[in-house]
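Single-structure report; data block below.
Nothing fancy with the numbering, it's 1 onward along the sequence.
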Amino acid sequence: MKLLFDLFPVILFFAVFKFTGANPEFAQNFGNHYLAVLVSGGEVTLQQAPILLATAVAILATAAQVLWLLARRKPVDHMLWVSLAIIVLFGGATIYFHDEQFIKLKPTVLYWCFALVLLGAPLLFGKNLMRSMMGKQMTLPDIVWSRLNLAWGLFFAVMGAVNLYVAFTKPLEFWVNFKLFGFLGLMIAFVIAQSVYLSRHMKEAE
């Protein structure tokens, strides 16, 4: 359920892009009616409509996640706030300048923020964030916690680099597909590999 919640904006982005790409005239008319006021020049073209509408929906979906948690008086994860700020900034730039390059950068900026926090916290504050998040669920040797934190930090750094490669060397539609299925596949593969490694060191938490 948590995974579905986290992927909610990405799934909507993918669905809206695919639907509007298959119905470009509807997308253009809808965009000019509801989105043109936010676009420099005041017009949404036929070619731009799918990515602009998908970006707008992703911004609204991320904001809805935050509002949903606040309305239920549940804590909003710090990284969700960061994700909201980044998508508002880069998504807003994509809509205003009607330029897909900005939204393509969003995953890289987000992943590199994750990497910077995970890799920087032990050096600057002597704090292992993976241990802080998962320490109640499992007991591991200190060296394994350090390796786990390092592995996640490097994984997010690589994910950011992979996004740059795909975003700026492949067609837009390929990037949209990879943004959902490619990154999800990489994440699942990494989690499985991590689980196999941890199973050799894990002890039941007391």
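- Put simply, the side chain of F183 does not reach to within 4.5 Å of the side chain of V166, judged on heavy atoms.
- Contact annotation: the side chain of I95 approaches that of I59 to within less than 4.5 Å [non-hydrogen atoms, C-beta and beyond].
- Between the side chain of N163 and the backbone N or O of K104 there is at least one donor-acceptor pair closer than 3.5 Å.
- Atom CG of residue N128 and atom OG of residue S146 lie 5.5 Å apart, to the nearest 0.5 angstrom.
- W152 has its ring centre less than 6.0 Å from the ring centre of F190.
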Derivation of the side chain to side chain contact (heavy atoms under 4.5 Å, CB included) call for V82 and D77
CA-CA 9 Å; V82 172; D77 187 83; over 6 Å; no
Please assess N149 against R131 for the test side chain to side chain contact (heavy atoms under 4.5 Å, CB included), listing each intermediate value before the final yes or no.
CA-CA 8 Å; N149 194 81; R131 186 171 193 165; over 6 Å; no
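- Looking at heavy atoms from C-beta onward, L140 lies out of side-chain contact with M134 at the 4.5 angstrom threshold.
- F30 is listed as a side-chain neighbour of L53, based on a closest heavy-atom distance under 4.5 Å.
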Verify side chain to side chain contact (heavy atoms under 4.5 Å, CB included) between V162 and F178, making sure each step is shown before the conclusion.
CA-CA 10 Å; V162 169; F178 190 85; 3.7 Å; yes
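- Here the closest non-hydrogen pair linking W112 and F156 is CD1-O, 3.9 Å.
- By the 4.5 Å heavy-atom criterion applied to side chains, L69 and L80 are counted as neighbours.
- Remark: the backbone N or O of F26 is not paired with any side-chain donor or acceptor of N23 at under 3.5 angstrom.
- The structure places OG1 of T55 at 11.0 Å from CG of L60, a figure rounded to the nearest 0.5 Å.
- Annotation: cation-pi pair K179/F13 present, NZ/CZ under 6.0 Å from the ring centroid and within 45° of its normal.
- The two residues A115 and G153 come nearest to each other via the heavy atoms CB-O, 3.3 Å.
- Distance check, rounded to the nearest 0.5 Å: OG1 of T108 to OH of Y111 gives 9.0 Å.
- A heavy-atom distance below 4.5 Å is not found between the side chains of F114 and M159.
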Steps toward side chain to side chain contact (heavy atoms under 4.5 Å, CB included) verdict (M130, M133):
CA-CA 5 Å; M130 294 305 299; M133 290 185 289; 3.5 Å; yes
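- In this structure, CG on L4 lies 5.0 Å from CD1 on I11, to the nearest 0.5 angstrom.
- Contact check for M187 versus F155: side-chain heavy atoms found under the 4.5 Å cut-off.
- A pairwise comparison of heavy atoms in T94 and I103 identifies OG1-N, 2.8 Å as the closest pair.
- Contact record, Q101 with F168: OE1-CE2, 2.6 Å, taken as the closest heavy-atom pair.
- Residues F8 and A61 share a closest heavy-atom pair of CE2-CB, 3.8 Å.
- In this structure, F14 CZ and F19 CZ are separated by 14.0 Å, a value rounded to the nearest 0.5 Å.
- Side chains of E43 and N32 form a contact here, defined as non-hydrogen atoms less than 4.5 Å apart.
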